Amino acid sequence: MTMPIIGCIADDFTGATDVASMLVSAGMRTLQTIGVPSTALDDDVDAVVVALKSRTLPADEAVTQSLEALAWLQAQGCEQFYFKYCSTFDSTPKGNIGPVTDALMTALDTDFTVACPALPANQRSVYNGYLFAGGVPLNESGMQDHPLTPMTDANLVRVLGAQTRQRVDLINYATLSEGVEAVEDRIQALRSAGVGIAICDAIDTQHLHTLARACRDLPLVTAGSGLALGLPANLADRLPAAGEADALPAIAGREAILSGSCSRATLAQLEHAREHYPSYHLDALALADDFEGIIAKALHLAEQHLDSGPVLLYASDSPEDVRKAQDALGVAEAGALIERALAEIAHALVDTHGVRRLLVAGGETSGAVVNALGVQGLRIGPSIDPGVPWTTTFGTPTPLALTLKSGNFGAQDFMTKAWGLLP
């Protein structure tokens with residue numbers, strides 16, 4: 001059996017499929033597990049991504065889960081480790097990016113790593129240490145309104161510096177533009193000065209490839225999914241022939257879309273999808289008053305239309321409506337209610353309504369759905385848009401075609417064009 005070379009720890013489920021799709025697109029056979037497995041791998045793979053749901057946990061719990069994932073990946077034979085977080089650097093002043101990075105560095109006995117959330121293909125770039133999303137600073141992109149991890153500062157050196165025990169500095173775009181040797185020299189200078197983590201600029205994809213080459217000997221890298229585009233090139237002589245990494249079996253069945261994300265990108269996708277598919281909106285306040293009744297109405301609409309194509313069931317709302325629900329129910333309670341509703345709907349759609357092809361939008365929603373369906377892992381297939389692949393499940397009674405979409409990812413027509421890319 002081929003032992004995996006790269007082991008990734010992702011802090012949410014959509015982020016895991018994001019980084020897995022990048023590795024697959026660069027030619028690595030990649031498997032994604034849901035949580036830390038209790039048994040060893042029995043597949044021939046080049047990379048493994050462990051999907052956690054740790055982004056919004058208390059920092060100590062996120063650290064514990066991440067270290068468990070690291071230990072399991074080490075036991076599978078992985079040689080380089082990748083802590084994957086969102087391209088919008090989602091976190092709070094207390095973590096979890098800094099505390100998890102600190103813990104992984106200690107466990108791997110390394111004094112230096114990089115941090116680079118950039119993914120220029122999805123309009124996420126880092127310039128002089130500032131993160132831009134959609135061409136504007138992060139704190140003007142809509143992320144300042146995120147219901148769980150609002151991002152009000154675009155300066156990543158400052159943001160990460162508040163969370164970590166390490167000294168944080170910068171490798172800027174000018175150094176990256178000079179090439180691999182210049183980046184390696186900068187890394188050495190930072191290490192000599194006692195810097196533990198370098199925020200890395202990237203304003204185009206070539207910067208990511210340059211950075212990946214310069215990081216080939218680091219035991220740990222931390223990043224969004226973009227850095228994964230360049231890492232396989234360091235291993236070209238150890239990878240199989242190109243062309244088979246994203247192959248998936250055909251899965252037939254009814255189709256549905258579930259969304260709990262309130263990001264601007266997802267809201268635009270929902271507006272487009274509602275023009276094409278029957279839809280039902282799950283209101284948080286209505287769920288609080290009549291949970292089972294609202295679930296029944298959503299499933300009744302689905303059953304009426306599933307034979308004609310995808311149906312759309314969503315709890316996504318504008319920032320104003322989200323705040324109203326949070327004010328009435330509490331922030332945690334409102335989020336948990338939506339997750340529970342969409343998880344229950346997903347289980348019913350698959351168990352009793354014959355849905356076998358499912359598109360899910362939102363990291364927290366995706367985590368709730370895969371748990372409800374008992375998914376143990378995913379085989380990664382072709383991308384619909386950068387960072388969002390189709391997958392097939394294992395560990396479920398019936399295999400499913402499943403895509404887990406980060407709220408901020410995908411073009412406006414994502415929810416309509418996805419179905420044409422399945423085998």
Side-chain angles (χ1 to χ4, degrees), residues 6-20 31-38 47-74 76 78 81-108 113 115 117 143 146-151 159-160 162-166 197 220-225 227-228 260-261 331-332 335-336 338-340 343 360 362-372 375-378 387 404-409:
I6 293 178
C8 300
I9 302 164
D11 68 357
D12 82 343
F13 291 177
T14 57
T17 53
D18 177 11
V19 71
L31 193 71
Q32 176 181 331
T33 71
I34 305 302
V36 181
S38 58
V48 182
V49 181
V50 176
L52 303 178
K53 199 167 180 282
S54 58
R55 183 174 300 171
T56 56
L57 288 178
D60 58 344
E61 294 180 35
V63 165
T64 296
Q65 290 189 16
S66 300
L67 290 175
E68 290 173 354
L70 174 65
W72 183 82
L73 289 166
Q74 288 175 309
Q76 310 316 303
C78 295
F81 301 90
Y82 192 127
F83 171 37
K84 195 277 174 192
Y85 37 73
C86 187
S87 64
T88 49
F89 217 68
D90 283 27
S91 51
T92 70
K94 295 183 179 180
N96 291 334
I97 294 173
V100 170
T101 299
D102 288 346
L104 295 174
M105 290 177 70
T106 298
L108 291 167
T113 189
M143 281 302 298
H146 193 286
L148 297 177
T149 52
M151 297 301 291
V159 169
L160 187 56
Q163 300 180 18
T164 176
R165 300 189 301 267
Q166 308 292 332
I197 306 174
L220 173 70
V221 296
T222 86
S225 64
L227 192 58
S261 170
V331 174
I338 293 297
E339 288 181 35
R340 184 161 65 93
V360 186
E364 299 302 313
T365 303
S366 294
V369 167
V370 298
N371 284 333
V375 178
Q376 295 179 16
L378 303 169
L404 307 175
K405 187 193 83 72
S406 171
N408 290 293
F409 279 15

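In this chain, residues are counted from 1 in sequence order. All of these numbers come straight from a predicted model, not from anything done at the bench.
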TODO: For F83, check ring-ring contact (aromatic ring centres under 6.0 Å, His included) against everything at least two apart and list the hits.
DONE: Y85
Task: With sequence neighbours excluded, residues passing side chain to side chain contact (heavy atoms under 4.5 Å, CB included) with T56 - done: L148, T149, E364
Task: Flag, side chain of T113 to backbone of L220, donor-acceptor distance under 3.5 Å - done: yes
Atom pairs and distances, donor-acceptor, side-chain atoms in residues 57-65, under 3.5 Å, two or more places apart:
{"from": "T64", "atom 1": "OG1", "to": "D60", "atom 2": "O", "distance (Å)": "3.0"}

Open item on the list: Please report the interatomic distance CD(E339) to NZ(K53), rounded to the nearest 0.5 Å.
Closed with: 4.0 Å
Open item on the list: Is a donor from one side chain sitting under 3.5 angstrom from an acceptor on the other, for S406 and N408?
Closed with: no
Open item on the list: For the CG atom of D102 and the CG atom of N96, what is their distance to the nearest 0.5 Å?
Closed with: 11.5 Å
Task: Exercise: identify the closest heavy-atom pair between L73 and C8 - done: CD1-O, 3.6 Å
Open item on the list: If you compare all heavy atoms of V36 against all heavy atoms of E68, which two are closest, and at what distance to 0.1 Å?
Closed with: CG1-O, 4.0 Å
Task: Least distance between heavy atoms, G362 atom then S261 atom - done: CA-CB, 3.7 Å
Task: With sequence neighbours excluded, residues passing side chain to side chain contact (heavy atoms under 4.5 Å, CB included) with T365 - done: L342, V360, V369
Open item on the list: Please check this pair: side chain of Q32 against backbone of L378, looking for a donor-acceptor N/O pair closer than 3.5 Å.
Closed with: no
Task: Heavy-atom closest pair, residues S87 and F409 - done: OG-CE1, 3.5 Å
Open item on the list: Quick one, L52 and D11 - any side-chain contact, counting heavy atoms below 4.5 Å?
Closed with: no
Open item on the list: Are H146 and T88 packed together at the side-chain level, in the sense that at least one heavy-atom pair is separated by less than 4.5 angstrom?
Closed with: no
Task: Pairwise side-chain contact, L227 with Y82, heavy-atom cut-off 4.5 Å (strictly under) - done: yes
Task: Nearest heavy-atom neighbours spanning F13 and G367 - done: CD1-CA, 2.9 Å
Open item on the list: A side-chain contact here means heavy atoms from C-beta on lying under 4.5 Å apart; do R165 and P99 qualify?
Closed with: no
TODO: Name all residues meeting the side chain to side chain contact (heavy atoms under 4.5 Å, CB included) criterion together with S225; count only those two or more places apart in sequence or in a different chain, and write none if there are none.
DONE: D18, V19, M22, K84, L119
TODO: Please collect all salt bridge (Lys or Arg N to Asp or Glu O under 4.0 Å) contacts where either partner lies in residues 86-96, sequence neighbours excluded, each pair once.
DONE: R55-D90
TODO: Decide yes or no for F81 and Q74: does some side-chain heavy atom of the first lie under 4.5 Å from some side-chain heavy atom of the second?
DONE: yes
Task: Gap separating the OG atom of S366 from the CG atom of N371, nearest 0.5 angstrom - done: 10.5 Å
Task: Of V100, T101, T106, the residue whose pairing with L104 passes side chain to side chain contact (heavy atoms under 4.5 Å, CB included) - done: V100
TODO: Go through I9 and L70 one step at a time and tell me if the side-chain contact (heavy atoms from CB on, under 4.5 Å) criterion holds.
DONE: CA-CA 7 Å; I9 302 164; L70 174 65; 4.0 Å; yes
- [ ] Specify the closest pair of heavy atoms between L67 and A103, including all atoms of both residues, with the distance to one decimal.
- [x] CD2-O, 3.8 Å
TODO: Indicate yes or no for a side-chain donor-acceptor contact from T164 to the backbone of L160 under 3.5 Å, with no hydrogens or angles considered.
DONE: no
